[in-house]
Amino acid sequence: MGSKTQRLRPSANLVTITFSRMTASYNPQEIEKKWQQRWAEDWLYGVSETSAKPKWYALTMFPYTSGDLHIGHWYAMAPSDVHARFKRMQGYNVLHPMGFDAFGLPAENAAISRGIHPFVWTMQNVDNMRRQLKSIGAIYDWSREVITCLPDYYKWTQWFFLKLYEKGLAYRGKAQVNWCPRCQTVLANEQVVDGFCERCGAAVIRRDLEQWFFRITKYADELMEHNGIDWPERIKIMQRNWVGKSTGTEISFALDHPGVEEKEMRVFTTRPDTTFGVTFMVLAPEHPLVDKLTSPEKKAEVEEYVARSRRQTEIERLSAEREKDGVFIGAYVTNRLNGERVPIWIADYVLLSYGTGAVMGVPAHDERDFAFAQRYNLLIRVVVAPPGWQRGELEEAYTEPGIMVNSGNFNGLPSQQGIEAVSDFLEEKGWGKRAVTYRLRDWLISRQRYWGAPIPMIYCPNCGIVPVPEEDLPVLLPEDAEFKPTGESPLKYHEQFVNTTCPRCSAPAKRETDTMDTFMCSSWYFLRYASPDCDNAAFDAERVKYWLPVDLYTGGAEHAVMHLFYARFFIKALRDMGLVDFDEPFSRLFNQGVIIVERQKMSKSRGNVITPDEYVSELGADAVRAYLMFVAPWEQGGEWDDSGISGISRWLNRVWRLVLEGYDQGVEVSSEEKQKAQRALSRIAHQTIRKVTQDLEKLRLNTMIAALMEFTNYLAKVKKEEGAVSVSAWKEASDTLLLLLAPTAPHLAEELWQQTGHGYSIHNQSWPKWDEELAKDEELTLVVQVNGKLRDRMVVPASITEDEAKNTALNRQRVKSYIGGKKVLKTIYVPGRLVNLVVR
RNA sequence: GCCGGGGUGGCGGAAUUGGCAGACGCACCGGACUUAAAAUCCGGCGGACUUAGUCCUUGUGGGUUCGAGUCCCACUCCCGGCACCA
């Protein structure tokens, strides 16, 4: 374990560095503190909407208020700040805000386990995290900070709830929750361990509870599209899979059961071509028809099965590994296509919440139905013939296309055509219709918790569900709630909170005691940053119009579906209300990779959290910023390994000395030589500007740092030959280095800018532009290959023609020796790259 | 099982999208400076061999091509997501 402590400590010997000449040494602690103070005093990074520059909204996913920023947070924030600074120097009016996602379960757990109020716990964490964030040296304009647990924020979260309710997008419905019968409380999924209550060990059951939902499914089709936005393909695919659209047919099976008014049972299928192969019917155990149809002699068995499946958690029930079981309920439906009577079963592999909650069993052509039929000896009838089928029994379900058999008039038809033909026929007869079904469910936002925004609804015995009037917002969280360790919302037991009067009829009424899912808070925070001081609306429409949509949104891929999906839904709903005028909140999305430690994600519970603070105090924020960018491609992330940070620290020290030591005239060289050296210097400088600029645009930050290092190395080489270039040429190159370095190492660059006689501040300078002419190579190295094998290199003028290149290659001594007396069959010339001679 | 991403020196990673494999760093080795150490500076650093050179080398096997880390096929291992969605 001692080795672990060592790992977490920066190597101690990097701090003291002495110089050959008399130059004050690089002291990051001192200059970082100094400049951070100065920037704050001058409000250097203050943002307003009155700028004539084009706007740029650079957003980093705000952190949850867990307590400490670890190196993973820095990995999200430092590189995005570098990019935002780059855009700022490029002449944009940049909004790069920061805030806190402050509601959520951990605060409440802290309250229960340590007796500290969630508000106090959260705000202490905010203070500490804000202090850490300031040490990054980012351009956050702290006057725009947003904290979601403060009433001036959640007031508007509640307001959005009311708007969604008004538009019919929020509704109350039944949903199953994990329920502990001993604790008498709702449990979150993570509190259920192998089907048992984490706290008391009782078997957890699933229970229906009235909850609030958002009708996100209304936007299912639009959410599958990502038109006009630049997002990683991977994330778009995940979101499309999440929506899970499937097109098929809803088929009606005839029901004729004494005393039951329903005369049909509907199923959804993507394979109507297999309808003649239906040999049983399966309902979800919770299906409303189960009770009505079960025959008296099956009642006990069916009830037991239903109770058993309720006892299982969703996760267990959905596990594909589980063997399929079920119970025949003693009733039948009729398949209208062939008039056959088909037995009805219940089985928990059928989900009530998908399709119609009922499926037709076609064991020959569906793997699940096949397994089920085998287990209960149900008939397996082939209706789509596999290639070369000899009318024998199937070993496994055949799910591929084939020729229809045993299917009445449809026999002989290819099954893909059969899908259409059977659907047409069913529609003609009125026995079914084409339908679309989604995997996506409506968004359940109710949480039986204290630390969240209260849902602004009132239950009146006379008027029913009544929304809290807008002017009564916010519905404040009572401060003095009791935190009993039950896991149930303390609001339920808070008399003053619960008891109210109906806004409509003034009768005594009760408040909703559930709070909202915290994803609701993070679905609109990026709007609040545009006008955080706005107190008569959630946001100032004009300022939102100016800033939104977000130009570049960066954060972890773990939010690929939930957060990003909900935020998109939110914006589409607001658009349809006329509150915003854009379709998508985030124009470009970039996911940075994850920093792992000992092959695992960093987390407090694992005890493998790496704090940046020690590195910052030893080596400076600039070194940590640069190292995080250099250590791996940003989108990839990787294992945290601090052994390489010394290389960055050495480099920054080298820059310090290089720039401050200045450049002497040195020995005079001929003007021709001098010109050549100066041309080379300016060429390298312009190539570096090009490389650094392009890498920044593409967020390829590791190679950007490498380019800056190479430029530094080149300058060091030039400096060693003092006199080779003029003092002014040197100065220009050294200034370029500082400007290119400014986003990455803002403190160091500022200090050196000032010490080399420039005005304050380097961060208000324009980003250098490259000149394609000056960046052009005058000569280049052509590779000569013989039969694809590298045999020679030749330095040639960049202007060389194809013929010249080929001739030069053929006349090279080394090349000749490989050609010998053989015949040159073909010569391939790739300009700027190679000549390849094919000989035999 | 399905979807997505990946496998390059001792290590992190480069490679203008089919054209010099190993940029830039770390670690290591040698040298200079020093009483000494650190720091700094200079040089070396994929492997093998018959070492001014030649051959091999980008997870494995095959293919396309003048030319493959890059494209195609098969396999394999690792990471992320979904996981009975009819």
Looking for any heavy atom pair under 4.0 Å, which part of the strands does A:K245 touch: base, sugar-phosphate only, or nothing? nothing
For the side chain of A:Y26 and the backbone of A:R654, is there at least one donor-acceptor N/O pair under 3.5 Å apart? no
With a 3.5 Å cut-off and sequence neighbours excluded, list the donor-acceptor pairs that the side chains of residues 554-562 of chain A form with protein atoms.
none

Give the ring-plane orientation class for A:Y376 versus A:W345, where under 30° counts as parallel, over 60° as perpendicular and anything between as tilted. tilted
For nucleotides 52-54 of chain B, tabulate all protein N/O to nucleotide N/O atom pairs closer than 3.5 Å, reporting atom names and distance.
from, atom 1, to, atom 2, distance (Å)
B:U54, OP1, A:Y818, OH, 2.4

Just checking, A:R625 and A:W74: is the charged tip under 6.0 Å from the six-membered ring centre and within 45° of the axis? no
Identify the stems formed by RNA chain B, where each pair is Watson-Crick or G-U wobble with both distances under 3.5 angstrom and a stem is at least 3 consecutive pairs. B:1-7 with B:76-82, B:10-12 with B:24-26, B:28-32 with B:40-44, B:46-49 with B:53-56, B:59-63 with B:71-75
Base, sugar-phosphate, or nothing for A:N713, non-hydrogen atoms under 4.0 angstrom? sugar-phosphate
For A:R840 and A:L825, indicate whether the former's side chain and the latter's backbone hold a donor-acceptor pair under 3.5 Å. no
Across the strands shown, which category fits A:V783 at heavy-atom distances under 4.0 angstrom: base, sugar-phosphate, nothing? base
In residues 354-366 of chain A, which ones come under 4.0 Å of RNA chain B, going by heavy atoms? A:Y354, A:V359
Among A:L223, A:V243, A:L440, which residue meets the side chain to side chain contact (heavy atoms under 4.5 Å, CB included) test with A:T217? A:L440
Under 4.0 Å, counting only non-hydrogen atoms across every strand here, what does A:T437 touch: a base, just sugar-phosphate, or nothing? nothing
Six-ring centre of A:W231, A:R568 cation under 6.0 angstrom, axis tolerance 45°: yes
Just checking A:N836: base, sugar-phosphate only, or nothing, at a heavy-atom cut-off of under 4.0 Å? base
Remember a base hit wins even if backbone is also touched, and classify A:Q636 as base, sugar-phosphate or nothing at under 4.0 Å, heavy atoms. sugar-phosphate
Scan for salt bridge (charged side-chain N to carboxylate O under 4.0 Å, His left out) pairs involving residues 271-284 of chain A, sequence neighbours excluded, and state none if there are none. A:R271-A:D273
Begin from the C-alpha positions of A:K806 and A:E802 and carry the test salt bridge (charged side-chain N to carboxylate O under 4.0 Å, His left out) through to its verdict. CA-CA 6 Å; A:K806 287 178 178 172; A:E802 178 166 354; 2.8 Å; yes
Using a heavy-atom cut-off of 4.0 Å across all strands, would you classify A:E710 as base, sugar-phosphate, or nothing? sugar-phosphate
Sequence-aligned protein contact record of nucleotides 2-10 of chain B, with B where the base is within under 4.0 Å of a protein heavy atom and S where only the sugar-phosphate is: -SS------
Should the side chain of A:K324 and the base of B:C84 be counted as holding a donor-acceptor pair, with the cut-off at 3.5 Å? yes
Which is true for A:V631 with a 4.0 Å heavy-atom rule: it touches a base, it touches only sugar-phosphate, or it touches nothing? sugar-phosphate
